[in-house]
2 protein chains.
Amino acid sequence: MGHSRAEKAKTHKRIVSIASKKFREEGLAGVKIAELMKEAGLTVGGFYKHFDSRDVLVAEAVGSAFGGWKRRVDAAVSGGLGISLSKMIDDYLNTAHRDDPGAGCAFSALAPEIARGDKRIRALTTEQVRNDIQLIAGLLPDNDPRTARSLAILTFSALVGAMSLARAVSDQALSREILKTVAERLKNFVSETPGS
Amino acid sequence: MGHSRAEKAKTHKRIVSIASKKFREEGLAGVKIAELMKEAGLTVGGFYKHFDSRDVLVAEAVGSAFGGWKRRVDAAVSGGLGISLSKMIDDYLNTAHRDDPGAGCAFSALAPEIARGDKRIRALTTEQVRNDIQLIAGLLPDNDPRTARSLAILTFSALVGAMSLARAVSDQALSREILKTVAERLKNFVSETPGS
DNA sequence: ATTATCTATAGATCTATAGATAATGC
DNA sequence: ATTATCTATAGATCTATAGATAATGC
């Protein structure tokens, strides 16, 4: 017991990171504080020196999940020679992402619970949706900005919906069909749509 | 106390109906049995003569939510002169549906919780997804069956994703933009896509 | 002296059950 | 006699807090 402030900051980040993963895996309501702290190598008692309440952690962890996804895409965009929309779609709609929600998109894992969430979470979410729409629009072939935005919104919706459905069904063939079909259709669609 | 068997059957249906609504509104984890029974005009004690466990009710209520949606679409299809895809899209992607999840589509309200659910719920869900894909494919202009199925899967995914996102964001203008844009794009898309 | 974490627990809540009550249905 | 519902509660669980402990940091 009794650690430095630097260590406390590290601990804080570790708790948030684990929570972010667990919330996406088990839902915002499904994660217990004691369990979470244990996974972080700590005990329940310490929790409230890090967060005023459970809800504060939820907001921080959801924000962290958004941040992780953003960093990942940003890295892909600026890292190599940029990322194509096609690559982004394949990076999203695959079975690895489907089977590891804890490391994946927070929208497909948590959207309905976020919709029931408090102001803070929904504000974070609004900002993130705006960012993602612009990000996808930027990856589209050079349509006029309005068309690009509109196609980006459709693409984003289809990605989130396809992953949600692919996870909800128990038949693996149907699940894969959903991922594959939506990926193909989105790629064709976007490249073929005329500029208005 | 002490009622007829016919009344018990009615009571059972009433509990399931209220549960189905509440689960879509508050999530599968958010509904308390005592609260639910009170809304049905009953008390907690009677619950377990109707359901072996809470999970049994969840499965029945999710099935009921699917059934309700199916009846609604079936009625629309056979009722008038049939329903167009365009009508169906508008019937789904509007603010009334967004603001009343309890009476709406179970996928956009519950998909991530269903994905974490038990076998029974996921089996029900698989069947329902299959039905909905076929239903949407049947509403599409006469493409070949494969194309129709593929477009139906994209359409279904986009509907569910758009509603999920529209509910998750707090900015009303953005929320409406998502609904409106996806509705328009889907309508254009489907009518313009060549038969392969 | 301050504080990061721990142990222990109060208080609230939720599922499920036991036993009582008042009807139905043979 | 059977049973649909009620009242009451046991048992489990979860959030949050109180007070102790062992470090840091002035």
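Order of the sequence lines fixes the chain letters, A, B, ..., with proteins taken first and strands second; residue numbering starts at 1 for each chain. Remember, it's a predicted structure, so these values are computed and weren't measured experimentally.
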| query | Considering only heavy atoms, which members of residues 42-55 of chain A lie under 4.0 Å from some atom of DNA chain C? | reply |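 Of all residues in residues 42-55 of chain A, the ones placing a heavy atom under 4.0 Å from DNA chain C are A:L42, A:T43, A:G45, A:G46, A:K49, A:H50.
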
| task | Scan for salt bridge (charged side-chain N to carboxylate O under 4.0 Å, His left out) pairs involving residues 171-180 of chain B, sequence neighbours excluded, and state none if there are none. | result |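 Pairs touching residues 171-180 of chain B that pass the test: A:R130-B:D171, A:R149-B:E177.
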
| field | Pairs involving residues 9-27 of chain B, ordered by first then second residue, that meet salt bridge (charged side-chain N to carboxylate O under 4.0 Å, His left out) (sequence neighbours left out) | value |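 Every pair satisfying salt bridge (charged side-chain N to carboxylate O under 4.0 Å, His left out) with a residue in residues 9-27 of chain B: B:K21-B:E25, B:K22-B:E26, B:K22-B:E35, B:K22-B:E39.
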
| request: Scan residues 12-35 of chain B for pairs that pass ring-ring contact (aromatic ring centres under 6.0 Å, His included), counting only residues two or more places apart or in two chains. | output: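 Every pair satisfying ring-ring contact (aromatic ring centres under 6.0 Å, His included) with a residue in residues 12-35 of chain B: B:H12-B:H50, B:H12-B:F51.
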
| field | Within residues 22-40 of chain B: residues closer than 4.0 Å to DNA chain D (heavy atoms) | value |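 Output list: empty, so none.
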
| Of all of residues 8-19 of chain A, which get a heavy atom below 4.0 angstrom from DNA chain D, listed by number? |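 DNA chain D contact set from residues 8-19 of chain A: none.
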
| query | Side chains of A:L154 and B:T181: does their closest heavy-atom pair fall under 4.5 Å? | reply |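 No. Closest side-chain heavy atoms not under 4.5 Å.
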
| Base-paired stems in DNA chain D, each at least three Watson-Crick or G-U pairs under 3.5 Å |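 C:1-24 with D:1-24 - these are the stems of 3 or more pairs that involve DNA chain D.
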
| query | Which heavy-atom pair separates A:L179 from A:A166 by the least distance, and what is that distance? | reply |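 Heavy atoms of A:L179 and A:A166 come nearest at CD2-CB, 3.6 Å.
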
| query | Can you name the residues that form a ring-ring contact (aromatic ring centres under 6.0 Å, His included) with B:F156, not counting sequence neighbours? | reply |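 Expected list: B:F107.
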
| Within residues 150-165 of chain A or reaching into it, pairs that qualify as side-chain hydrogen bond (donor to acceptor under 3.5 Å, both in side chains) - sequence neighbours excluded |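 Counting only pairs at least two positions apart or across chains, the side-chain hydrogen bond (donor to acceptor under 3.5 Å, both in side chains) contacts touching residues 150-165 of chain A are A:S150-B:R185.
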
| said: With side-chain hydrogen bond (donor to acceptor under 3.5 Å, both in side chains) as the rule and sequence neighbours excluded, what pairs involving residues 115-125 of chain B come up? | reply: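 side-chain hydrogen bond (donor to acceptor under 3.5 Å, both in side chains) check on residues 115-125 of chain B returns no pairs.
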
| request: Spell out, as yes or no, whether a donor-acceptor pair under 3.5 Å connects the side chain of A:N94 to the backbone of A:D90. | output: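 Looks like yes, one N/O pair under 3.5 Å.
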
| Where the side chain of A:T11 meets the backbone of A:E7, is there a donor-acceptor pair that is under 3.5 Å apart? |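 It does hold such a pair.
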
| query | To the nearest Å, how far apart are A:E7 CD and C:dA4 C1'? | reply |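 Going from CD in A:E7 over to C1' in C:dA4 covers 9 Å.
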
| Residues that A:D100 engages under salt bridge (charged side-chain N to carboxylate O under 4.0 Å, His left out), provided they are two or more places apart |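 With neighbours one apart ignored, the set is empty.
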
| Which residues share a side-chain contact (heavy atoms from CB on, under 4.5 Å) with A:S53, sequence neighbours left out |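 A:D55, A:V56.
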
